[in-house]
Amino acid sequence: MTTATDQMTARGGRPRTAPAVHSLDCFAFTVPDLSEAERFYRTFGLTTRRVGELLELFTEHHPHRWGIVQETRGCKKQLQFLSFGCFEDDFVALAAHLLERQFERCEPHSMGTSDGLWLKHPDGFPIQIVAARKSSPDDKSEPSSVQPVPLGAGAAPSRSKSARVVPRRLSHVLTFSQDVERGIRFYEDALGLRVSDQSGDSIVFMHGVHGSDHHLIAMAKSNRPGLHHLSWDVGSIDEVGLGMEQMLNGGYTQGWGVGRHVLGSNYFYYVRDPWGSYCEYSFDIDYVPSGFHWPATDHPMEDSFYVWGPRVPADFVTNFEIVNS
């Protein structure tokens, strides 16, 4: 028998059985130079496609379009909107829930479509909710297959024969937020996401109830919104390191890693893009299965960042959408 307590989330009183989004369907931001963006993301290992004024971002072996980038000459890089997907059968009930709770609506963004519903995030940027196929994983990502090495042979590949790293899919996005607790309430109540882990009001990691990585969205405190990083799943810690080499050889020399996170447990390398935000090669992140209750915990800051790795760059958590404004 299900009790009233069982039916409620820990915050806000949203019924656990209420429809919820299943994936972060698309991110969108603007940059001063689209050709520069295309070179960066191709070097990172993504597949790019020009469609009119937009640069679309794909991964090589996955059909989903993960993000769109548009050029705005003379302006800084800026997060424009996030789009979340829900199951088609859930859309009407989710729309009714949003109407009942009177979340602030907004007009569709000019970079997006008129599909679905458009809400205003508490930090001021648009959020789209659309009926879409699930793009977040249904299981924990498998490591890349490794051929057994016979005794007497070296296991490491030759440097000259190392394969190009191509990420498999988007894992998550971390944005800056003026009020992390307010952002948590929005994502929980409006979209049905749940907290995986957090550290006070400084940072939070949230997962989807239909099965997702430890976090599909994260927020870090700042005094205005912005995009901190895009995280991309790869198949081994070797690919994390080879991705670092790939970017260094491409001329992108600023970053952080290789290391291992505490919350999420993934191995990482972050490379700084031309506008001060980051792309992350990520391997072996924790997974939250559909319907599983992850025991959300509030961690002290020293236990919420990384287990091992090089010292964190002094400006790693700087919101360059403020600095460059």
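Excluded from the calculations below are hydrogen atoms, water molecules and symmetry mates; all remaining heavy atoms, backbone and side chain alike, are included.
Residue Glu36 qualifies as enclosed at atom CD: its count of foreign heavy atoms under 6.0 Å is above 12. Other residues, nucleotides and ligands contribute over 12 non-hydrogen atoms within 6.0 Å of the CD atom of Glu302. Remark: Arg50 CZ is packed, more than 12 non-hydrogen atoms of other residues, nucleotides or ligands lying under 6.0 Å away. Taking a 6.0 Å sphere around CZ of Arg164, one finds it holds more than 12 heavy atoms contributed by other residues, nucleotides or ligands.
No side-chain donor-acceptor contact under 3.5 Å links Lys77 to the backbone of Asp273. Ser23 contributes a side-chain N or O that, together with a main-chain N or O of Ser135, makes up a donor-acceptor pair within less than 3.5 Å. Remark: side-chain polar atoms of Lys120 are not paired, donor with acceptor, to backbone N or O of Ile127 under 3.5 angstrom. No donor-acceptor pair closer than 3.5 Å links the side chain of Glu181 to the backbone N or O of Asp201. Remark: side-chain polar atoms of Arg260 are paired, donor with acceptor, to backbone N or O of Ser265 under 3.5 angstrom. Under a 3.5 Å cut-off, the side chain of Gln178 and the backbone N or O of Pro225 do not form any donor-acceptor pair.
Nearest approach of Ser222 to Ile322, heavy atoms of both residues: OG-CD1, 3.6 Å.
With His261 as reference, Tyr270 is the one residue of Tyr269, Trp308, Tyr270, Phe283 to meet the ring-ring contact (aromatic ring centres under 6.0 Å, His included) rule.
With a 4.5 Å cut-off on side-chain heavy atoms, Leu170 and Phe27 count as touching. Looking at heavy atoms from C-beta onward, Cys279 lies in side-chain contact with Phe40 at the 4.5 angstrom threshold. Here the side chains of Asp25 and Phe84 are not in contact, with every heavy-atom distance at 4.5 Å or above. Between Leu24 and Ser136, the closest side-chain pair of non-hydrogen atoms is not below 4.5 Å. Residues Met206 and Leu191 have side chains not in contact (no heavy-atom distance under 4.5 Å, counting atoms from C-beta outward). Looking at Phe186 and Leu119, their side chains come closer than 4.5 Å, going by heavy atoms from C-beta outward. Counting heavy atoms from C-beta outward, Glu280 and Asn266 have side chains that approach closer than 4.5 Å. Side chains of Phe205 and Val195 form no contact here, defined as non-hydrogen atoms less than 4.5 Å apart.
Between His22 and Phe87, the ring planes lie tilted relative to each other; the angle falls in the 30° to 60° range. Relative orientation of the His121 and Phe125 rings is parallel, given thresholds of 30° and 60° on the angle between their planes. The aromatic rings of His109 and Phe81 sit tilted, their planes meeting at an angle between 30° and 60°. Relative orientation of the Phe316 and His228 rings is perpendicular, given thresholds of 30° and 60° on the angle between their planes.
One finds the CG atom of Leu82 at 5.0 Å from the CD1 atom of Ile217 (value rounded to the nearest 0.5 Å).
Ser144 and Glu239 share a donor-acceptor pair across their side chains, judged by distance under 3.5 Å alone. For the residue pair Thr113/Gln128, the side-chain donor-acceptor check at 3.5 Å is satisfied.
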Side-chain donor-acceptor pairs under 3.5 Å in residues 53-61, sequence neighbours left out?
unit_1, atom_1, unit_2, atom_2, d
Glu56, OE2, Arg65, NH1, 3.0
Thr59, OG1, Trp66, NE1, 3.0
Thr59, OG1, Arg168, O, 3.1

Stepwise ring-ring contact (aromatic ring centres under 6.0 Å, His included) test for Tyr287 and His207: CA-CA 9 Å; Tyr287 184 78; His207 65 270; 9.6 Å; no
Evaluation steps, ring-ring contact (aromatic ring centres under 6.0 Å, His included), between Trp256 and Tyr278: CA-CA 9 Å; Trp256 180 44; Tyr278 292 86; 8.7 Å; no
Worked verdict on His172 versus Phe268 for ring-ring contact (aromatic ring centres under 6.0 Å, His included): CA-CA 13 Å; His172 61 266; Phe268 65 82; over 10 Å; no
